[in-house]
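Report on one structure; see the data block that follows.
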Amino acid sequence: LHIYTIIFGYFVGLLMVGQWYRTKEIRTAVFASGIFMATFLWHLYYLKFDNIQYYSIPLALYFFGLGHFFKKQKSDSSDAMDIIAGGTLILPTFLQAVGDLKGHWYALLLGVEGILVLFAGISLGKNNYRYIGLLALGLAVFSQTYDYITSLPRWLVTGIAGLVFLGLAI
């Protein structure tokens with residue numbers, strides 16, 4: 001039953017692409033791409049992929065693509081799509097880097113994702129991509145140094161954090 005539903009989902013997506021080609025409406029294109037993405041994620045689930053990165057990376061690429069598409073269409077939703085894409089890409093990997101026994105591998109993956117998004121931001125000239133890449137790199141480092149930071153005396157951590165905040169305020 002599942003495979004026929006997946007095939008039907010792809011077929012409906014193709015029909016919606018034909019409708020978009022005929023009408024050239026942006027909403028139809030977004031709806032068609034959403035059908036394709038939902039069917040693709042369901043297909044991954046049907047194939048028994050159980051690691052969250054198999055779902056979050058394609059979904060983040062989809063949202064990045066929507067953001068780029070909205071930017072070309074001069075839509076206000078471009079920045080929101082970029083932020084949603086960054087959260088979809090970074091958050092699952094960060095949570096695995098912090099809470100998993102093999103967290104160092106996920107931190108490495110988070111760092112690689114951050115570098116790739118940072119390079120994309122530099123080459124495309126998009127500040128949101130740069131900020132997302134820098135955030136991913138910072139979270140990758142934080143996920144691996146959290147235990148060391150919390151083992152320091154509280155007064156030292158508070159003092160350093162205060163100096164950093166004062167330095168940022170100036």
Report the distance from atom [atom1] of [X] to atom [atom2] of [Y], rounding to the nearest 0.5 Å.
X: L139; Y: Q144; atom1: CG; atom2: CD; value: 11.5 Å
X: F11; Y: T39; atom1: CZ; atom2: OG1; value: 12.5 Å
X: L66; Y: M81; atom1: CG; atom2: CE; value: 6.0 Å
X: I84; Y: D79; atom1: CD1; atom2: CG; value: 11.0 Å
X: H104; Y: L109; atom1: NE2; atom2: CG; value: 12.5 Å
X: T88; Y: I52; atom1: OG1; atom2: CD1; value: 10.0 Å

Transitive ILVMFWY side-chain link [X] to [Y], under 4.5 Å:
X: V141; Y: L135; value: no
X: W105; Y: L89; value: no
X: F40; Y: I7; value: yes

By ring-ring contact (aromatic ring centres under 6.0 Å, His included) - contacts of Y46 (at least two apart): none
In chain order, what residues pass the ring-ring contact (aromatic ring centres under 6.0 Å, His included) check against Y131, with sequence neighbours excluded? none
Taking everything shown except [X] itself, do over 12 heavy atoms lie less than 6.0 Å from its [atom1]?
X: H68; atom1: NE2; answer: no
X: F49; atom1: CZ; answer: yes
X: F36; atom1: CZ; answer: yes
X: Y10; atom1: OH; answer: yes

List the steps, then state whether side chain to side chain contact (heavy atoms under 4.5 Å, CB included) holds for Q53 with Y106. CA-CA 10 Å; Q53 273 74 33; Y106 291 112; 3.7 Å; yes
How close do [X] and [Y] get, heavy atom to heavy atom, and via which atoms?
X: G87; Y: P92; answer: O-CD, 3.7 Å
X: A32; Y: M16; answer: CB-CB, 3.5 Å
X: V117; Y: G133; answer: CG1-N, 3.8 Å
X: A97; Y: S143; answer: CB-OG, 3.7 Å

Would I57 and E113 count as a side chain to side chain contact (heavy atoms under 4.5 Å, CB included) here? Give the steps. CA-CA 9 Å; I57 291 174; E113 289 172 353; 3.6 Å; yes
Run the side-chain donor-acceptor check on residues 153-168: report pairs under 3.5 Å with partners two or more places apart or on a different chain.
{"from": "T158", "atom 1": "OG1", "to": "R154", "atom 2": "O", "distance (Å)": "2.9"}

Aromatic plane relationship, F64 with Y129 - under 30° parallel, 30 to 60° tilted, over 60° perpendicular: perpendicular
Determine, step by step, whether D82 and K71 satisfy the side chain to side chain contact (heavy atoms under 4.5 Å, CB included) criterion, reporting the C-alpha distance in whole Å, the side-chain angles of both residues, the deciding distance to 0.1 Å, and the verdict. CA-CA 10 Å; D82 290 343; K71 184 79 166 182; over 6 Å; no
